[in-house]
Amino acid sequence: MTSVARPSSSAMDVTVLHVHVSDPRVRPLLRELGHEYSTRYGKDAHAEISRYPDEEFTEQYGGLLLLLLERGEPVAGGAFRRYDATTAELKRIWTHSAHRRRGLARRVLAELEREAGTRGYRRICLTTGPRQPEARGLYLATGYTPLFDTEADPETIGPLPFEKHLPAEAGTARTARTGKAADL
């Protein structure tokens with residue numbers, strides 16, 4: 001399943017694609033995330049990528065995996081899976097190592113939030129590791145509420161949980177478009 005969500009209208013010439021985990025363009029995302037996790041948390045951390053079945057990131061199961069492509073090459077991506085009937089859980093947020101510090105992660109979050117809202121989700125949750133200060137900073141800067149003591153040493157907390165409530169109108173977008181409630 002590969003579908004074009006929409007081309008970018010911003011100054012960055014980026015195309016947003018909804019893809020399946022088996023799409024070859026997802027390999028850099030999985031490879032670099034595996035390397036990042038292993039480097040920061042040890043070789044067993046690579047298993048985090050395979051923790052959830054690929055199906056959980058498909059529309060049929062209430063999920064989504066998207067990539068941002070620039071000149072046809074993946075430069076960033078991310079996914080969500082159904083956490084419960086009203087909550088999407090973000091996973092696999094990634095920016096290619098050669099394309100960091102360009103605002104691409106913010107763009108991925110915005111696209112995932114928009115898509116989650118159009119699918120009827122009203123809340124997003126996520127966790128990031130205690131050794132990922134750039135991810136922690138990204139979520140704080142983009143309006144996510146930390147569900148932990150931000151003054152505590154992150155190493156004493158473990159995974160750092162965040163949440164964000166989507167605007168009420170985002171959750172009703174599918175109802176307005178189709179005339180029926182979202183099937184989650």
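Source: prediction; values computed, not measured.
The two atoms that bring Ala79 and Ile93 nearest to each other are N-CD1, 4.3 Å, heavy atoms only. Closest approach of Leu138 and Ala105 over heavy atoms only: CD2-CB, 3.7 Å. The two residues Gly158 and Pro130 have their closest heavy-atom pair at O-CD, 3.5 Å. Closest heavy-atom contact between Ala152 and Ile157: CB-CD1, 3.9 Å.
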Leu68 vs Thr15, side chain to side chain contact (heavy atoms under 4.5 Å, CB included): CA-CA, chis, key distance, verdict: CA-CA 6 Å; Leu68 301 185; Thr15 301; over 6 Å; no
Val16 and Arg107: side chain to side chain contact (heavy atoms under 4.5 Å, CB included), yes or no, with the steps? CA-CA 10 Å; Val16 180; Arg107 173 75 185 273; 3.4 Å; yes
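Considering CD of Glu115 and CD of Glu113, their distance stands at 11.5 Å, rounded to 0.5 Å. To the nearest 0.5 Å, atom OG1 of residue Thr145 and atom CZ of residue Phe162 are 9.5 Å apart. Summarising the geometry, atom OH belonging to Tyr83 is positioned 14.0 Å from atom CD1 belonging to Ile124; distances are rounded to the nearest 0.5 Å. A distance of 8.0 Å separates NE2 in His99 from CG in Leu104, rounded to the nearest 0.5 Å. The structure places CG of Leu65 at 8.5 Å from CG of Asp23, a figure rounded to the nearest 0.5 Å. Distance check, rounded to the nearest 0.5 Å: CZ of Arg106 to CD of Glu111 gives 15.0 Å.
Residues Phe80 and Glu89 fail the side-chain proximity criterion, which asks for heavy atoms closer than 4.5 Å. Annotation: side chain of Pro146 is in contact with side chain of Leu140 (closest heavy-atom distance under 4.5 Å). Annotation: side chain of Phe57 is not in contact with side chain of Leu64 (no heavy-atom distance under 4.5 Å). Side chains of Leu160 and Tyr139 form no contact here, defined as non-hydrogen atoms less than 4.5 Å apart. Using a 4.5 Å cut-off on side-chain heavy atoms (C-beta onward), Arg92 and Leu29 make contact. Side-chain contact between His20 and Thr58 is present, with at least one heavy-atom pair separated by less than 4.5 Å.
Remark: side-chain polar atoms of Arg136 are paired, donor with acceptor, to backbone N or O of Thr150 under 3.5 angstrom. One N or O on the side chain of Lys164 and one on the backbone of Thr142 form a donor-acceptor pair closer than 3.5 Å. Formation of a donor-acceptor pair under 3.5 Å by the Arg119 side chain with backbone atoms of Gly63 is found in this model. For the pair Ser38 (side chain) and His35 (backbone), a donor-acceptor distance under 3.5 Å is absent. A donor-acceptor distance shorter than 3.5 angstrom exists from the side chain of Tyr41 to the backbone of Arg131, with no hydrogens or angles considered. For the pair Gln132 (side chain) and Gly129 (backbone), a donor-acceptor distance under 3.5 Å is present. Between the side chain of Tyr121 and the backbone N or O of Gly62, at least one donor-acceptor pair lies under 3.5 Å. Here the side chain of Arg122 pairs no donor or acceptor atom with the backbone of Leu166 at under 3.5 angstrom.
Between Arg27 and Glu73, no side-chain nitrogen of the basic residue sits less than 4.0 Å from a carboxylate oxygen of the acidic one, so the salt-bridge criterion is not met. With salt bridges taken as basic N to acidic carboxylate O contacts below 4.0 Å, one links Glu70 and Arg102.
Partners of Pro161 by side-chain contact (heavy atoms from CB on, under 4.5 Å), not counting sequence neighbours, listed by chain and number: Thr127, Leu147, Phe148. Take Arg123 and apply the side-chain hydrogen bond (donor to acceptor under 3.5 Å, both in side chains) test, not counting sequence neighbours, and it matches Thr87, Glu163. Glu32 meets the side-chain contact (heavy atoms from CB on, under 4.5 Å) test with Trp94, His96, Ser97, Arg100; sequence neighbours excluded.
Neither Leu112 nor Tyr61 shares a network with the other; the hydrophobic side chains, linked directly or stepwise wherever heavy atoms of I, L, V, M, F, W or Y lie under 4.5 Å apart, form separate groups for each. Both Leu69 and Leu30 are members of a single hydrophobic cluster when ILVMFWY side chains are connected at heavy-atom separations under 4.5 Å.
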